[in-house]
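Following: one structure in structure tokens, then a few remarks.
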There are 2 protein chains.
Amino acid sequence: MAESLPSCRREFVETAGRLCQRLGLPRSTGQIYGLLYLSARPLSLDDISGLLSLSKASASTGTRQLLAWQAVKQVWVPGDRRDHFEAIGDLRELLRTGYEKFFRPRLERSVTKMEQLHANLEADRKSGALSKEDHAFCKARLAHMATMQNRVTKLLPIAEKFF
Amino acid sequence: MAESLPSCRREFVETAGRLCQRLGLPRSTGQIYGLLYLSARPLSLDDISGLLSLSKASASTGTRQLLAWQAVKQVWVPGDRRDHFEAIGDLRELLRTGYEKFFRPRLERSVTKMEQLHANLEADRKSGALSKEDHAFCKARLAHMATMQNRVTKLLPIAEKFF
DNA sequence: TTATTTGTTCAATTGTAATTGAATGTTCTG
DNA sequence: CAGAACATTCAATTACAATTGAACAAATAA
């Protein structure tokens, strides 16, 4: 397997890594996806760690992460015992599963969280921890936030159809 | 000023803090915004650091951060020399400026980055660093990514109108 | 079976960014 | 003006998460 990357791939890998880093994900994971995204043939862990100058441990955890996100799949290469990895090239699908696995559950939990907060607010009002005016104010703000939540919830399916 | 928070605000503050943390922003900044969002009256730096058990330094940097994001505004409280802060309650506006200041520039830069990558790809092809098949493969993948970029670019104004 | 190749797990290190206390600068007050 | 009240800046600390090397486990080959 090659030991160095052509400059276009090098730069792509770097960009992907920084994007992930900005999103709070491990840079190395982004680099791995970037590398695979521009690889015509599946790569082994050794290829990955070699080309990206990562430890095999990082390559292993990174690929497993990507497998969990369904951003990558394992493919069998005849005549080679090692696992090989290939990027899922369809970014629409990636977005879709990302939404399903990441955004939606969070959004749903945020709705129940809002309900909790509202209940809490009423309890505070009854226990006297909150004045009438403060209670009204908080209630209005929470209500506004809830309508925003609703809009996001309604927008996302539209966005999904858009892709 | 009060020394402790009613439970509803306590929980809201915690939630806001964790949300920011997840987004890669300082937790304390989120907590400050959460606190102000549910405060009927503007708070001073001392109020903030006291109620959230933060150093005044953190309160200062956090509020300046929020000012830069236009998530908070300074208000003058008669008879008090200190700066006081109030949350911008309109989350729509917050989203809008967040999009303008954060997303849009990034999206634009990503477009020029794609052009760079494409140019790079052609250069690699010419220099022989890339086989014909590899070149075709990479070109297709970059093209696919570009169309996704276009869709995002087109979707965002729609989403903006939606709010 | 034993030796070798491959992949994962885990403790330790490293790097990065948030947080703080102390120092500094600035504005008000008496 | 001197002194106090505030806010900011900065160096140092702390907390956290990515990364690694080494130990371990599993599978294959000889």
Side-chain angles (χ1 to χ4, degrees), chain A residues 1 13-36 42-69 71-86 102, chain B residues 1 13-36 42-69 71-86 102:
Chain A
M1 229 314 143
V13 160
E14 173 162 358
T15 307
R18 272 216 286 262
L19 176 63
C20 270
Q21 198 170 23
R22 220 169 262 280
L23 295 174
L25 305 170
R27 182 179 61 224
S28 60
T29 305
Q31 290 177 326
I32 293 169
Y33 182 77
L35 176 64
L36 293 173
L43 302 181
S44 69
L45 280 188
D46 291 321
D47 294 332
I48 293 168
S49 63
L51 288 166
L52 299 181
S53 306
L54 291 173
S55 68
K56 213 163 63 161
S58 285
S60 176
T61 59
T63 49
R64 273 179 315 110
Q65 186 83 276
L66 289 167
L67 281 171
W69 298 338
V72 137
K73 68 179 175 188
Q74 262 166 320
V75 301
W76 175 64
V77 171
D80 198 327
R81 253 173 73 198
R82 295 172 294 181
D83 290 339
H84 285 249
F85 299 91
E86 213 176 62
F102 189 78
Chain B
M1 226 316 143
V13 160
E14 172 161 359
T15 307
R18 273 214 287 263
L19 176 61
C20 271
Q21 199 170 23
R22 216 170 267 279
L23 296 175
L25 306 170
R27 182 180 61 224
S28 60
T29 304
Q31 291 176 326
I32 293 170
Y33 183 77
L35 175 64
L36 293 173
L43 302 181
S44 70
L45 280 187
D46 290 321
D47 293 334
I48 293 168
S49 64
L51 287 166
L52 298 181
S53 306
L54 291 174
S55 70
K56 213 160 67 159
S58 284
S60 176
T61 58
T63 50
R64 273 180 315 110
Q65 184 83 276
L66 290 167
L67 281 172
W69 297 339
V72 136
K73 67 178 174 190
Q74 262 167 321
V75 301
W76 175 63
V77 171
D80 198 325
R81 254 175 73 198
R82 294 173 294 183
D83 290 340
H84 285 250
F85 299 90
E86 215 175 60
F102 189 78

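Predicted model only: the values in this text are computed from it and were never measured. The chains referred to below are lettered A, B, ... by the order of the sequence lines, with proteins before strands, and numbering in each begins at 1.
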Just so I know, are the side chains of [X] and [Y] near enough to count as touching, which here means a heavy-atom distance under 4.5 Å?
{"X": "A:P42", "Y": "A:V77", "result": "yes"}
{"X": "A:D46", "Y": "A:R82", "result": "yes"}
{"X": "A:D47", "Y": "A:L35", "result": "no"}
{"X": "A:H84", "Y": "A:L43", "result": "no"}
{"X": "B:F85", "Y": "B:L67", "result": "yes"}

Bounds of contact between DNA chain D and chain B, in 5' to 3' order, using a heavy-atom cut-off under 4.0 Å:
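Counting from the 5' end, contacts occupy D:dA5 to D:dT9.
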
Contacts of type side-chain contact (heavy atoms from CB on, under 4.5 Å), residue B:L66, not counting sequence neighbours:
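Partners of B:L66 by the side-chain contact (heavy atoms from CB on, under 4.5 Å) criterion, ordered by chain and then number, come out as B:T29, B:I32, B:Y33, B:W69, B:A71, B:V72.
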
Between residues 54-65 of chain A and DNA chain D, which residues have a heavy-atom gap below 4.0 Å?
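Only A:L54, A:S55, A:A57, A:S58 qualify.
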
At a heavy-atom distance below 4.0 Å, what parts of residues 78-85 of chain A sit against DNA chain D?
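Close to the strand are A:R81.
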
Straight-line distance of [X] [atom1] to [Y] [atom2], nearest 0.5 Å:
{"X": "A:Q65", "Y": "A:S58", "atom1": "CD", "atom2": "OG", "answer": "12.0 Å"}
{"X": "B:D80", "Y": "B:S44", "atom1": "CG", "atom2": "OG", "answer": "6.5 Å"}
{"X": "B:L54", "Y": "B:Q31", "atom1": "CG", "atom2": "CD", "answer": "6.0 Å"}
{"X": "B:R27", "Y": "B:R22", "atom1": "CZ", "atom2": "CZ", "answer": "12.5 Å"}

Please give, in whole Å, the distance from C:dT8 P to A:D46 CG?
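Taking CG of A:D46 and P of C:dT8, I get 12 Å after rounding.
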
Calculate the interatomic distance between A:Q74 atom CD and C:dT8 atom P; express it in whole Å.
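Taking atom P of C:dT8 as the reference, CD of A:Q74 is at 7 Å.
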
Check for a donor-acceptor pair, side chain of B:S60 on one end and backbone N or O of B:K56 on the other, with a separation under 3.5 Å.
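Judged by distance alone, no pair lies under 3.5 Å.
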
Backbone N or O of B:A59 within a donor-acceptor pair of the B:T63 side chain at under 3.5 Å?
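Pair found, side chain donor or acceptor close to backbone of B:A59.
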
Residues from residues 15-23 of chain B lying under 4.0 Å of DNA chain C - heavy atoms:
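Under 4.0 Å from DNA chain C: no residue of residues 15-23 of chain B.
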
Using heavy atoms and a sub-4.0 Å distance, could you list which residues of residues 27-36 of chain B are near DNA chain C? By number, please.
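Those residues are B:R27, B:S28.
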
Distance-minimising heavy-atom pair for A:A16 and A:G30
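Shortest heavy-atom contact: CB-O, 3.4 Å.
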
Could you tell me which non-hydrogen atom of A:P26 sits nearest to which non-hydrogen atom of A:C20, and how far apart they are?
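Smallest heavy-atom distance, with atoms named: O-CB, 3.7 Å.
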
Would A:L45 and A:D83 satisfy side chain to side chain contact (heavy atoms under 4.5 Å, CB included), going step by step from the backbone distance to the final call?
CA-CA 7 Å; A:L45 280 188; A:D83 290 339; 5.7 Å; no

